There are 2 protein chains.
Amino acid sequence: MDDQNVISVIIVEDDNEIRQLMTFLIEKTNGFNCLASFSDCENALQPIIDLQPDVVLMDIELPGISGIQGILGLKEKVKNTDFIMLTIRDDDDSIFNSLKAGASGYILKDTAPAKILEAIVEVNQGGSPMTGSIARRITESFQPLGNSILSERENEVLTDLCKGMNYREIGEKHFISGHTVRTHIKTIYSKLHVHSRAEAVRKAIDQRLI
Amino acid sequence: MDDQNVISVIIVEDDNEIRQLMTFLIEKTNGFNCLASFSDCENALQPIIDLQPDVVLMDIELPGISGIQGILGLKEKVKNTDFIMLTIRDDDDSIFNSLKAGASGYILKDTAPAKILEAIVEVNQGGSPMTGSIARRITESFQPLGNSILSERENEVLTDLCKGMNYREIGEKHFISGHTVRTHIKTIYSKLHVHSRAEAVRKAIDQRLI
DNA sequence: TTGAAAATACCGCATACGGGCGATTGACCA
DNA sequence: TGGTCAATCGCCCGTATGCGGTATTTTCAA
């Protein structure tokens with residue numbers, strides 16, 4: 001078999017049964033090569049750096065260093081390796097923290113073996129394999145929430161606040177006095193439970209209010 | 001055919017040939033129903049609101065109102081309709097502005113007809129169909145850029161700045177004086193070309209520096 | 001080894017900001 | 001018709017911020 005067409009894989013998964021099944025699946029399938037498998041991040045880090053696999057299948061919940069922390073440490077050192085999270089967790093924090101850490105794929109452990117192999121191929125071809133519902137949650141994360149507790153005027157002011165405009169500038173833009181702008185900002189701070197522009201900007205962006 | 005299992009579709013596409021091909025494809029395929037098709041947004045808005053299709057295939061580049069603006073206006077009024085962008089443009093602005101507007105899928109016009117039908121089904125089932133490379137660009141958009149012009153210390157200070165901490169608090173956290181923090185912040189402002197905390201926070205988040 | 005960049009520290013000053021408190025108008029709703 | 005709320009305008013006050021400087025030490029690459 002031509003090594004150039006073989007996708008090399010390392011597995012990090014603490015459940016012995018799943019890890020052995022995955023290892024077996026990848027070892028025995030043409031076009032895939034399982035370089036190694038580990039039950040924790042600590043022991044996996046150095047081999048991943050040394051072996052530079054094409055793809056790492058990474059569990060999130062691991063004893064010691066989590067899969068997410070593991071990727072954070074590895075990302076700079078293995079530029080050509082793609083990470084797929086293979087996990088039972090599909091909560092927002094797990095998904096988005098994985099993506100922020102540098103994962104390119106996110107599939108659940110109950111995925112059919114054939115689909116897992118497909119995901120490995122897809123990520124290796126520059127894609128981002130994930131289940132439909134997770135993809136939807138990611139696309140929806142770009143949409144403003146909108147169901148804001150802020151009034152329309154307050155939203156306008158918050159938008160300008162995030163641009164770094166001061167009281168006077170915001171007031172002139174909307175033909176109201178700087179005093180009124182201040183009152184609006186005070187209300188905004190109170191509603192968002194913040195005490196400064198910096199916090200307000202951060203919260204506005206994080207919660208997609210603007 | 002059971003109407004409950006038929007996916008109703010409206011197409012908005014200014015290229016006559018493509019629009020007619022798409023319409024024909026959807027009309028003639030079992031399980032799909034093309035309620036209408038339009039060559040511009042202006043004429044499509046009201047029918048989409050009235051007919052509440054399951055899926056809208058929307059071009060981005062349209063004469064008059066763009067597809068993105070169209071979705072922005074429709075999203076609040078058709079809560080159960082999913083939008084798929086069907087476009088030749090795959091630049092970052094087009095992709096992310098579409099997602100921010102409320103698109104759930106993003107496929108290119110040169111996609112095979114069968115894949116387009118698959119995408120319609122997938123979006124209707126709560127997924128987010130898109131090509132592999134676009135999915136990858138979306139997942140990568142969550143990763144910090146890192147190749148920052150800021151020094152390590154400046155990054156730490158910027159991170160705390162984004163949390164709303166003041167000079168003194170930041171200084172105490174890193175065992176340096178508030179004066180030094182101010183100096184770092186001045187350098188940060190200069191490097192980011194901003195003049196206030198609010199702008200710095202926004203830029204830091206937008207450019208994924210933190 | 002020499003020079004640039006980073007990190008550290010300090011001063012003065014004008015202004016912006018945030019907290020607290022009060023007040024009027026108009027809309028809308030019960 | 002009374003009450004609530006958004007939107008508007010106002011004042012006082014203390015502090016944080018941003019901008020202008022200057023200067024020393026450390027670190028690291030040329």
Side-chain angles (χ1 to χ4, degrees), chain A residues 73 76-77 79 144-210, chain B residues 76-77 144-210:
Chain A
E76 281 299 303
K77 296 175 181 166
K79 299 272 188 196
L145 291 179
N147 61 344
S148 172
I149 44 178
L150 302 182
S151 73
E152 201 167 329
R153 184 59 111 188
E154 284 156 10
N155 255 313
E156 293 170 359
V157 172
L158 180 58
T159 302
D160 295 336
L161 205 67
C162 291
K163 291 177 184 160
M165 293 163 74
N166 63 23
Y167 297 143
R168 184 182 45 75
E169 289 167 333
I170 297 175
E172 281 170 5
K173 175 171 170 185
H174 298 289
F175 309 109
I176 58 179
S177 83
H179 294 294
T180 307
V181 174
R182 282 208 50 195
T183 310
H184 286 313
I185 290 178
K186 279 190 246 190
T187 314
I188 292 169
Y189 285 3
S190 148
K191 287 185 178 177
L192 299 185
H193 305 296
V194 299
H195 307 280
S196 70
R197 295 168 95 86
E199 286 178 282
V201 172
R202 187 196 180 85
K203 202 137 187 169
I205 299 177
D206 278 0
Q207 302 194 357
R208 308 202 304 281
L209 301 175
I210 56 165
Chain B
E76 281 299 303
K77 295 175 181 167
L145 292 178
N147 60 344
S148 172
I149 43 177
L150 301 182
S151 73
E152 201 168 328
R153 185 59 110 186
E154 284 157 8
N155 255 313
E156 292 170 358
V157 172
L158 179 58
T159 301
D160 294 337
L161 207 66
C162 290
K163 291 178 186 162
M165 294 164 74
N166 64 21
Y167 297 142
R168 184 183 42 76
E169 289 168 333
I170 298 175
E172 280 171 4
K173 175 171 169 183
H174 299 288
F175 308 109
I176 58 180
S177 83
H179 295 293
T180 308
V181 174
R182 298 187 62 167
T183 310
H184 286 313
I185 290 179
K186 278 191 255 190
T187 315
I188 292 169
Y189 286 1
S190 149
K191 287 184 178 178
L192 299 185
H193 306 296
V194 298
H195 308 280
S196 70
R197 295 166 95 86
E199 286 179 280
V201 172
R202 186 196 180 83
K203 202 140 189 168
I205 299 177
D206 278 0
Q207 302 194 358
R208 308 203 303 282
L209 300 175
I210 57 166

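Note: hydrogens, waters and symmetry copies are ignored here, and every other heavy atom, side chains too, is used. Worth saying up front: this structure is predicted, and the values here are computed from it rather than measured. The sequence lines fix the lettering, A, B, ..., with proteins before strands; numbering per chain opens at 1.
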Chemist: dA16(C) P sits how many Å from Tyr189(A) OH, rounded?
Modeler: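 Roughly 15 Å, once rounded to whole Å.
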
Chemist: Counting only heavy atoms not in Lys173(A) (residues, nucleotides, ligands), do more than 12 fall under 6.0 Å from its NZ?
Modeler: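 It does: Lys173(A) NZ has more than 12 such atoms within range.
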
Chemist: With a 4.0 Å cut-off, would you call Glu199(B) and Arg202(B) a salt bridge?
Modeler: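 Salt bridge absent between Glu199(B) and Arg202(B).
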
Chemist: Rounding to an integer number of Å, can you tell me how far Lys186(B) NZ sits from dA6(C) C1'?
Modeler: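 Result: 15 Å.
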
Chemist: Closest to the Glu152(B) side chain: dA6(D), dG18(C), dA7(C)?
Modeler: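 The closest nucleotide is dA7(C).
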
Chemist: Could you state the CZ-C1' distance from Arg197(A) to dG18(D), rounded to the nearest angstrom?
Modeler: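 Checked: the CZ to C1' distance equals 13 Å.
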
Chemist: Need one value for Thr183(A): base, sugar-phosphate or nothing, where a base atom within 4.0 Å counts as base even if backbone is also close, heavy atoms only.
Modeler: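 Since a base atom lies under 4.0 Å of Thr183(A), the category is base.
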
Chemist: Taking CD1 from Ile170(B) and C1' from dA16(D), how many angstroms apart are they, rounded to a whole number?
Modeler: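 Value for this atom pair: 12 Å.
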
Chemist: Does Arg182(A) make a side-chain donor-acceptor contact with the base of dG10(D), cut-off 3.5 Å?
Modeler: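 Absent.
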
Chemist: Provide, to the nearest angstrom, the distance between the CG atom belonging to Asp160(A) and the C1' atom belonging to dC17(C).
Modeler: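 So the two atoms are 17 Å apart, to the nearest Å.
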
Chemist: When the distance from CD of Glu199(A) to P of dT17(D) is rounded to whole Å, what number comes out?
Modeler: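 Taking atom P of dT17(D) as the reference, CD of Glu199(A) is at 11 Å.
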
Chemist: So is Arg197(B) actually on top of Tyr167(B)'s ring, under 6.0 Å and inside 45° of the axis?
Modeler: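 Positive - Arg197(B) is close enough to the ring of Tyr167(B) and near enough to its axis.
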
Chemist: Distance check: side-chain N/O of His184(A) vs OP1/OP2 of dT8(D), anything under 4.0 Å?
Modeler: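 For dT8(D), OP1 or OP2 has a side-chain N or O of His184(A) closer than 4.0 Å.
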
Chemist: Look at Ser151(B) and dA6(C) and indicate whether a side-chain polar atom (N or O) is within less than 4.0 Å of OP1 or OP2.
Modeler: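 So the side-chain polar atoms of Ser151(B) never come under 4.0 Å of the phosphate oxygens OP1 or OP2 of dA6(C).
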
Chemist: Any side-chain N or O of Tyr167(A) less than 4.0 Å from the OP1 or OP2 oxygen of dA16(C)?
Modeler: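 Tyr167(A) to dA16(C) OP1/OP2: no side-chain N or O under 4.0 Å.
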
Chemist: Considering only dG10(D), dG18(D), dT17(D), which nucleotide approaches the side chain of Asn166(B) most closely?
Modeler: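 Nucleotide nearest to Asn166(B)'s side chain: dT17(D).
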
Chemist: Over how many whole Å does the gap from Arg153(B) atom CZ to dT8(C) atom C1' extend?
Modeler: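 Computing the Arg153(B):CZ to dT8(C):C1' distance gives 9 Å.
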
Chemist: For the pair made of NE2 in His179(A) and P in dA7(D), what is the distance, rounded to whole Å?
Modeler: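 That distance rounds to 19 Å.
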
Chemist: Using a strict cut-off of less than 4.0 Å between a Lys/Arg side-chain nitrogen and an Asp/Glu carboxylate oxygen, indicate whether Lys163(A) and Glu169(A) qualify as a salt bridge.
Modeler: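 So Lys163(A) does not pair with Glu169(A) through a salt bridge.
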
Chemist: Does Lys77(A), at its NZ atom, have more than 12 non-hydrogen atoms belonging to other residues, nucleotides or ligands within less than 6.0 Å?
Modeler: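 At most 12 heavy atoms, drawn from other residues, nucleotides or ligands, come within 6.0 Å of this atom.
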
Chemist: Can you check whether any acceptor in the base of dC10(C) is under 3.5 Å from a donor in the side chain of Ser177(B), or vice versa?
Modeler: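 Flag unset: no donor-acceptor pair detected.
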
